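All of these numbers come straight from a predicted model, not from anything done at the bench. Protein chains get the first letters and strands the later ones, always in sequence-line order, with residue 1 at the start of each. Hydrogens, waters and symmetry mates are skipped; everything else that's a heavy atom, side chains included, is used.
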Amino acid sequence: SCDWDRLRFTLDDGLSRAVREVFVRLHEDGLMYRGERLINWCPRCLTALSDIEVEHEDHNGKLYHIVYPVVGDEAATLTVATTRPETMLGDTAVAVHPDDPRYKHLIGKRARLPLTNRELPIVGDAILVNREFGTGAVKITPAHDFSDFEAGERHGLPRLAILDMHGKLDAEGLRTAEVDAAVIHDIADLPVLKARPKVEQRLKETGSLTKVENHKMALGRCYRCKTVVEPFLSPQWFVKIAPLAEPAIRAVEEGRIRIVPEGWVNNYLGWMREIKDWCVSRQIWWGHQIPAWYCRTCHGSSLQQRADGSWIIPSDARPIVSRTEPTACPHCNGAALLRDPDVLDTWFSSALWPFSTLGWPDETAELRRFYPTSTLVTGLDILFFWVARMIMMGLRFTGDVPFRDVYIHALVRDAEGQKMSKSKGNVIDPLHVMHQYGTDALRFTLASMASPGRDIKLAEERIEGYRNFANKIWNAARFILMHLEGEREAAPPSGRSFADRWILSRVNHAVQQVTTSLEQYRFDQAASHLYHFIWHEYCDWYLELIKPALQTESDEARRTRHSLVESFDAILRLLHPFMPYLTEEIWQKIPHQGDSIMLQPFPIRRSDWDAKDAETRFEVLSKFVSTARLGRALLNIPPGQRVTLYGTSTDAEELDTLTHLRPSAELLSKAALRLQPVPDWPTERVLRLAEERLSVGLAVEGDVDLNKTVGRLAKQRQDLAKEVARIEAKLANASFTSKAPREVVAEHEERVRSLKHEAAILASSEEQLSRMGGS
RNA sequence: AGGCGGAUAGCUCAGCCGGGAGAGCGCUGCCCUUACAAGGCAGAGGUCACAGGUUCGAUCCCUGUUCCGCCUACCA
């Protein structure tokens with residue numbers, strides 16, 4: 001009851017214009033043709049279906065073995081196996097493998113088709129026939145099976161359609177196929193599943209059915225109505241694809257288009273090399289209507305109208321393809337024209353997207369400026385359906401690739417690794433996740449899990465972890481805002497404190513790492529760099545280091561506040577693509593210029609922020625503090641309790657650093673630090689620890705249970721000894737020292753030295769502590 | 001069936017142009033130290049699926065096997 005035509009896109013918008021233009025040009029170039037080909041057909045929706053619109057599902061079917069007598073050789077028979085006995089009525093040949101000793105002498109003879117009055121040629125076909133499967137003989141039904149259709153083309157076989165568009169046995173077709181009248185009477189107008197048992201019965205009666213066995217197979221169903229699809233011979237529009245595919249293959253082979261990750265290149269090339277002509281017509285209501293008309297005068301009664309008012313246009317009808325609606329037939333000048341009722345496959349207009357959106361076919365400024373685009377981001381599932389077609393159409397109609405890079409992102413799967421689908425009901429609702437953990441947390445999670453070539457199993461713990469990260473940043477922002485009340489003073493980096501110079505240098509480093517990762521489409525690496533830098537360098541160390549300065553009203557405090565704003569602003573801009581909401585919210589609150597962080601430039605490395613010396617000194621400081629904290633943990637001293645520390649290093653520069661950074665070292669280890677050579681340390685009640693060239697002593701005060709401490713020291717010493725033994729064994733191996741690169745050998749030797757140093761100090765301190773613990 | 005990918009800490013995953021095994025979550029111990037307990041500090045935990053091969057040396061390279069996942073084709 002719908003007006004078939006009125007549901008079409010009829011607006012004269014740019015996209016429709018581009019679609020018509022492309023259609024007409026392809027037709028003019030002989031690449032757009034009408035033909036009668038097998039397509040996946042939904043007998044209920046009465047439309048062609050593309051591959052993506054067919055859902056496959058496992059099905060327990062049956063395999064029927066049917067005997068075909070060989071003509072002129074009463075002793076010989078051929079037994080074929082089929083899952084669809086009803087289609088045997090449309091057979092036009094039987095195939096065997098040309099090298100199969102059982103059958104090859106039969107090639108060229110004829111077989112009699114049961115239940116009909118026909119004889120079939122026996123052909124040899126190495127492509128269709130798998131000698132191992134079934135009986136090694138295959139029936140060929142070109143009108144109802146894809147492989148058979150192609151085999152039919154190879155052998156020039158006729159196509160006998162015995163099913164109509166509704167998937168019912170067609171009386172007219174059956175008569176053409178010379179099926180026995182009684183059989184026709186049985187099955188005419190029955191749907192396939194009802195006709196099958198009747199055919200089975202008839203075959204039994206004639207003794208043609210020798211065996212029925214269970215057989216697992218896959219059934220295709222229409223994605224809309226779940227009806228089993230039927231390979232169906234019908235008039236459709238096709239695009240001749242080889243001349244389009246060839247340049248698209250070259251573009252990727254020659255690197256004019258880069259597919260990231262590279263692993264998918266072979267998939268793309270393999271698919272493109274085997275691509276078949278593209279059926280672009282669809283018998284559905286929505287879509288761009290095909291710009292073709294037919295003259296009713298010329299074609300007369302060959303144009304038939306169905307009961308629902310739609311038209312059937314035979315494949316040999318002569319279309320008038322035109323950019324605008326024609327008023328008269330160019331042959332007979334008749335004015336009675338009928339527009340093709342079909343619409344185009346949705347991927348047809350999608351394929352034009354990169355240039356149709358920019359005003360093509362007009363030579364617009366936008367087209368010149370934005371075509372080709374830099375990167376197309378998409379999922380693997382539409383690499384072929386969309387991306388490949390954009391490449392083909394782009395190359396054909398603009399002469400240039402539509403984009404330089406194609407980034408294939410991961411697919412998010414459920415916790416079991418299954419693809420999410422509405423019909424399976426395993427869809428994770430992003431709105432729900434966003435409500436629970438925050439949009440930025442979800443976004444950051446997806447970025448962090450986007451390792452190339454691997455799908456994402458969405459795990460809630462990960463999202464929760466990044467929710468905590470967002471929270472950490474929020475708290476850092478609170479801290480910063482709390483301490484920005486005083487004045488700020490700009491100073492050249494060289495005039496700033498150690499902590500400021502260090503963090504600016506580390507910001508540079510982070511900028512570099514994140515930028516490099518992004519350029520390589522390594523969103524996971526970029527996210528991980530950001531996470532680690534912000535949490536474990538900026539928050540854990542920098543914000544702690546500057547706390548004393550912020551308490552004062554000094555030049556240092558004013559400069560520190562300035563550095564704080566500078567560094568935090570850079571960090572927010574760096575993080576903004578990953579956590580847009582949080583960063584905007586915070587950025588608006590800190591001192592800033594401009595309306596939105598979205599409009600700020602992405603940070604770039606500033607050479608004046610580089611401070612290699614500060615970074616080196618920081619390494620020493622953090623090594624010292626960590627060792628001191630380990631000592632605290634060993635002695636079970638609460639973090640709040642002040643302790644006395646002794647420190648020194650066998651390295652002069654390290655010692656110098658400790659001397660300069662003593663206040664910071666004392667702050668972070670909550671201690672009074674005495675920098676003295678080891679011999680000057682008290683001989684009693686000191687826990688001695690070592691980290692490479694560094695030695696740290698911790699005064700033991702009060703009553704402490706040292707047994708646990710001694711036990712842990714012993715275990716550490718044993719681990720060290722094992723490691724030393726392993727490396728020394730390697731160094732004792734002559735072929736290692738002679739064949740390994742010199743740096744590697746030197747590195748091993750250095751490691752042994754420093755491990756032995758650590759072990760020696762542990763041993764002495766273990767010995768001391770056991771004496772103390774014993775008292 | 002063919003193609004591709006995976007198998008690393010209890011879980012989710014990094015690492016792998018060959019030389020000391022990592023993160024997050026979970027777990028253990030100590031801490032509510034005025035940004036943050038959705039936190040801080042420290043720690044335990046792994047014959048890097050299995051079997052061969054190449055190499056001075058293999059989680060990493062090669063071959064094979066097993067298991068898992070995905071894509072394609074569907075087997076008459």
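- Rounded to whole Å, atom P of rC36(B) lies 19 Å from atom OH of Tyr542(A).
- The line from CD of Glu86(A) to CD1 of Ile162(A) is 7.0 Å long, rounded to the nearest 0.5 Å.
- Note: Phe444(A) and Phe469(A) have tilted aromatic rings, judged against thresholds of 30 and 60 degrees for the angle between ring planes.
- Contact of the Leu621(A) side chain with the Leu545(A) side chain is registered, since non-hydrogen atoms from C-beta on lie closer than 4.5 Å.
- To the nearest angstrom, P of rA76(B) lies 17 Å from NE2 of His97(A).
- Looking at heavy-atom distances under 4.0 Å, Gly136(A) makes contact with a base.
- Counting only heavy atoms from C-beta on, Leu630(A) has its side chain closest to rG43(B) among rG19(B), rC56(B), rG43(B).
- Distance noted for atom P between rC62(B) and rG19(B): 15 Å (whole Å).
- Between the C1' atoms of rG46(B) and rA7(B), the separation comes to 14 Å (whole Å).
- Atom CG of Leu163(A) and atom CD of Glu230(A) lie 5.0 Å apart (nearest 0.5 Å).
- Aromatic ring centres of His748(A) and Phe736(A): separated by under 6.0 Å.
- Per the geometry, CZ belonging to Arg221(A) stands 17 Å off P belonging to rC74(B), to the nearest Å.
- Contact check on Lys589(A) versus Glu585(A) returns a salt bridge, with a Lys/Arg side-chain nitrogen under 4.0 Å from an Asp/Glu carboxylate oxygen.
- Rounded to whole Å, the P atom of rG40(B) lies 16 Å from the corresponding atom of rC32(B).
- The CG atom of Asp719(A) sits 12 Å away from the P atom of rG43(B) (whole-angstrom rounding).
- Of all nucleotides present, only rU72(B) satisfies the Watson-Crick or G-U wobble test against rA1(B), with each distance under 3.5 Å.
- As judged by a 4.0 angstrom heavy-atom cut-off over every strand, Arg712(A) is placed among residues touching the sugar-phosphate backbone only.
- A salt bridge links Arg159(A) to Glu153(A): at least one charged side-chain nitrogen sits closer than 4.0 Å to a carboxylate oxygen.
- Distance check on atom C1': rG57(B) versus rG69(B) gives 34 Å, rounded to whole Å.
- Pair assignment for rA51(B): rU63(B), on the basis of Watson-Crick or G-U wobble contacts that are both within less than 3.5 Å.
- Remark: P of rC75(B) and CG of Leu128(A) are 10 Å apart, rounded to the nearest angstrom.
- Between the base of rA42(B) and the side chain of Arg629(A) there is no donor-acceptor pair shorter than 3.5 Å.
- In summary, the side chains of Tyr531(A) and Ser448(A) do not present any donor paired with an acceptor at a separation below 3.5 Å, with no hydrogens or angles considered.
- Taking the six-membered ring wherever Trp is involved, the centroid distance between the rings of Phe578(A) and Tyr466(A) does not fall below 6.0 Å.
- Straight-line distance from the CG atom of Leu635(A) to the P atom of rC31(B): 14 Å, rounded to whole Å.
- Salt bridge annotation for Lys62(A)-Glu200(A): absent, with no cationic side-chain nitrogen under 4.0 angstrom from a carboxylate oxygen.
- Here the side chains of Ile259(A) and Val387(A) are not in contact, with every heavy-atom distance at 4.5 Å or above.
- A donor atom on one side chain and an acceptor atom on the other are found under 3.5 Å apart for Asp91(A) and Thr141(A).
- rA44(B) sits 12 Å from rA23(B) when the P atoms are compared, rounded to a whole Å.
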Nucleotide N/O of nucleotides 1-5 of chain B paired with protein N/O under 3.5 Å:
none

For nucleotides 20-29 of chain B, print each protein N/O atom paired with a nucleotide N/O atom at under 3.5 Å, atom names and distance only.
| residue | atom | partner | partner atom | Å |
| --- | --- | --- | --- | --- |
| rG20(B) | O2' | Glu723(A) | OE2 | 2.8 |
| rG20(B) | N3 | Arg751(A) | NE | 3.3 |

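- Straight-line distance between the P atoms of rG15(B) and rG6(B): roughly 10 Å, to the nearest whole Å.
- Atom CG of Asn471(A) and atom C1' of rA38(B) are 5 Å apart (whole Å).
- When each of rG19(B), rA42(B), rA76(B) is scored by its nearest atom to the side-chain atoms of Ser626(A), the top-ranked nucleotide is rA42(B).
- Counting any heavy atom pair closer than 4.0 Å across all strands shown, Leu63(A) reaches sugar-phosphate atoms only and no base atom.
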For nucleotides 15-18 of chain B, tabulate all protein N/O to nucleotide N/O atom pairs closer than 3.5 Å, reporting atom names and distance.
| residue | atom | partner | partner atom | Å |
| --- | --- | --- | --- | --- |
| rG15(B) | OP1 | Arg522(A) | NH2 | 3.0 |

List every contact pair, protein side and nucleotides 32-35 of chain B side both N or O, where the distance is under 3.5 Å.
| residue | atom | partner | partner atom | Å |
| --- | --- | --- | --- | --- |
| rA35(B) | OP1 | Lys547(A) | NZ | 3.3 |
| rA35(B) | O2' | Arg478(A) | NH1 | 3.3 |
| rA35(B) | N6 | Cys539(A) | O | 3.3 |
| rA35(B) | N6 | Glu544(A) | OE2 | 3.4 |
| rA35(B) | N3 | Asn475(A) | O | 3.1 |
| rA35(B) | N3 | Ala476(A) | N | 3.2 |

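- A distance of about 38 Å separates the P atoms of rC67(B) and rU28(B), rounded to the whole Å.
- Here the closest non-hydrogen pair linking Leu38(A) and Pro142(A) is CD1-O, 3.6 Å.
- Residues passing the ring-ring contact (aromatic ring centres under 6.0 Å, His included) test with Phe624(A): none are found, sequence neighbours excluded.
- For His532(A), the ring-ring contact (aromatic ring centres under 6.0 Å, His included) partners two or more places apart in sequence, or in a different chain, are His536(A).
- When both distances must be under 3.5 Å, the Watson-Crick or G-U wobble mate of rA42(B) is rU28(B).
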- Item | side-chain hydrogen bond (donor to acceptor under 3.5 Å, both in side chains) between Glu213(A) and His65(A), intermediate numbers included | CA-CA 8 Å; Glu213(A) 56 186 337; His65(A) 293 248; 2.8 Å; yes
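- Nucleotide rA58(B) is matched to nothing when pairs are restricted to Watson-Crick or G-U wobble geometry with both distances under 3.5 angstrom.
- Of the residues near RNA chain B, Pro741(A) and Phe146(A), the one whose nearest nucleotide (by heavy atom distance) lies more toward the 5' end is Pro741(A).
- If you measure from atom CH2 of Trp541(A) to atom P of rG40(B), you get 13 Å, rounded to the nearest angstrom.
- A 3.5 Å limit on both hydrogen-bonding distances identifies rC13(B) as the Watson-Crick or G-U partner of rG22(B).
- Taking the P atom of each, rC60(B) and rC36(B) are spaced 47 Å apart, rounded to whole Å.
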